[in-house]
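One structure is given below, represented as structure tokens, and several questions about it will come after.
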Amino acid sequence: MSATLIPETGSSTASAMRRNFWRGVWRVMRRKPSRMAGVVILAGFILMAVVGPMILPEHLPTNPNALTQPPSWEHWFGTDPQGRDVTALVIKGSRYVLLTAAVTALITVVVGTAIGLYSGFKRGRWDTVLMRLTDMKLTIPGLPLLLVLATVWQFGSPIQMGLVLGLLGWGGVARAVRSQTLSLRERGFIEAARGLGLSTTHIIGKELLPSMAPYIAMNMLISVTGAVYSQVGLFFLGVLPYESDNWGVMLNLAVFQAGAMITPSALGYLLAPLLAILLLTLGIVLVVDAMDEIFNPRLREE
């Protein structure tokens, strides 16, 4: 009696594809130890932002007998002018910084990708309208506008800050995605999809978007670094309300209040947020290095 072959269902096929994809990702990350280091760094910052403020007290204890102390075993980066532990301040400030960066990156990539994909694929009147809108957006100076907005909007919430930064930063992504779309729309698989009478939504969502996944993912990670620099810069300039658990405020107070540029005992107060920013940027750069290989099956198999 011959065995009956049961055809593989769509769900099992999709499950197998997901397993193969994650195996490929694991191989790519193991190929270079630096990539794994990048993942560990990013995971560490995310864990610090989520768990750190939950463990630490809402108001860090002050110590009048340990004002602006240099690094020691008890305080790894010293204390601030109020006697608070600098390391704890960095941990508490990570939530605002990373949440703002995540919201900024999400809005920047979603809005920019949607406009760029639709504009590049449809061409014609829609392309003209959307690109003129994008050009107008690109002509708006970001920093002066943020300075003006800061006078009427306090940005007390990282969601608010991320929303504004995201709406100010999508123009470059839209332009870049449109260029990529113009190149891809003439490829054979897009022509075949058009010939089959597939809808614009299907072609953009199922054909174009997956082909641009590595580019979009890299832009999202790069937007994170841009958002970190923007918000920290605004707090450092003192145009936003002081929040002691923000890295930009720490830099401002370290330079202009603790005199870290001329006082050796306050140097740890300045270096701690700077090292956090540099380490976060390093982690993102190392992960971006693996993005193209992760999303390109040919490179994964080499």
_Once side-chain hydrogen bond (donor to acceptor under 3.5 Å, both in side chains) is applied, what residue pairs with a partner in residues 255-264 remain, sequence neighbours excluded?_
none
*What pairs of residues pass the salt bridge (Lys or Arg N to Asp or Glu O under 4.0 Å) test when at least one of them lies in residues 159-182, not counting sequence neighbours?*
D127-R178, D135-R175
*Can you find a pair of side-chain heavy atoms, one from M261 and one from L270, that are under 4.5 Å apart?*
yes
*Please round to the nearest 0.5 Å and tell me the distance separating atom CG of N252 and atom CG of L234.*
12.0 Å
*asked:* With a 4.5 Å cut-off on side-chain heavy atoms, are N63 and T79 touching?
replied: no
*Are I284 and L278 grouped together when hydrophobic residues (ILVMFWY) are joined by side-chain heavy atoms under 4.5 angstrom apart?*
no
_Would a single hydrophobic cluster contain both M136 and L168, if residues Ile, Leu, Val, Met, Phe, Trp and Tyr are joined by side-chain heavy-atom contacts under 4.5 Å?_
no
*Verify the ring-centre separation between F236 and Y229: is it less than 6.0 angstrom?*
no
*With no hydrogens and no angle check, is any side-chain donor or acceptor of Q69 less than 3.5 Å from a backbone partner on L67?*
yes
*Indicate the atoms forming the closest heavy-atom contact of P53 with M48, along with that distance.*
CD-O, 3.4 Å
*Any chance you could measure L89, atom CG, to F77, atom CZ, to the nearest 0.5 Å?*
12.5 Å
_Show the nearest heavy-atom pair for residues T108 and S223, with the distance to one decimal._
CG2-OG, 3.7 Å
_Minimum heavy-atom distance L117-V177, with the two atoms named_ = N-CG1, 3.6 Å
*Please confirm whether the backbone N or O of R123 pairs with a side-chain atom of W126, one donor and one acceptor, at under 3.5 Å?*
no
*asked:* A side-chain contact here means heavy atoms from C-beta on lying under 4.5 Å apart; do D85 and E74 qualify?
replied: no
*How far apart are the closest heavy atoms of L267 and A260, and which atoms are they?*
CD1-O, 4.0 Å
_Do P81 and T68 have side chains that approach each other closer than 4.5 Å (heavy atoms only, starting at C-beta)?_
yes
_Minimal non-hydrogen separation, T181 against G116, with atom names_ = OG1-O, 3.9 Å
*Which heavy-atom pair separates P71 from G268 by the least distance, and what is that distance?*
CG-CA, 4.5 Å
*Establish whether V249 and L274 are linked, either directly or via other cluster members, by ILVMFWY side-chain heavy-atom contacts under 4.5 Å.*
yes
*asked:* Does any part of the side chain of Y118, heavy atoms only, come nearer than 4.5 Å to the side chain of L130, both counted from C-beta?
replied: yes
_Would you say that I91 contacts L56 through its side chain, given a criterion of any heavy-atom pair below 4.5 Å between the two side chains?_
yes
*R95 side chain to A49 main-chain N or O, any donor-acceptor pair under 3.5 Å?*
yes
*To the nearest 0.5 Å, tell me how far Y269 OH sits from R84 CZ.*
6.0 Å
_Would a single hydrophobic cluster contain both V86 and L279, if residues Ile, Leu, Val, Met, Phe, Trp and Tyr are joined by side-chain heavy-atom contacts under 4.5 Å?_
yes
*In Å and rounded to the nearest 0.5 Å, what is the CG to OG1 distance from L163 to T100?*
11.0 Å
*Short question: side chain of K137, backbone of L167 - any donor-acceptor pair under 3.5 Å?*
no
*Is any side-chain heavy atom of Q231 less than 4.5 Å from a side-chain heavy atom of N246?*
yes
*Just one of L42, T225, I41 clears the side-chain contact (heavy atoms from CB on, under 4.5 Å) bar with L280, so which one?*
L42
*asked:* Please evaluate residues V224 and T104 with respect to the criterion side chain to side chain contact (heavy atoms under 4.5 Å, CB included), reporting the C-alpha separation (whole Å), side-chain torsions for both, the decisive distance (0.1 Å), and the verdict.
replied: CA-CA 7 Å; V224 170; T104 301; over 6 Å; no
*Spell out, yes or no, whether V111 and I159 are grouped together once hydrophobic residues are joined by side-chain heavy atoms under 4.5 Å, including indirect joins.*
yes
*Can you establish whether the number of heavy atoms outside R125 located under 6.0 Å from its atom CZ is more than 12?*
no
*Are the side chains of T134 and W170 in touch, meaning some heavy atoms are under 4.5 Å apart?*
yes
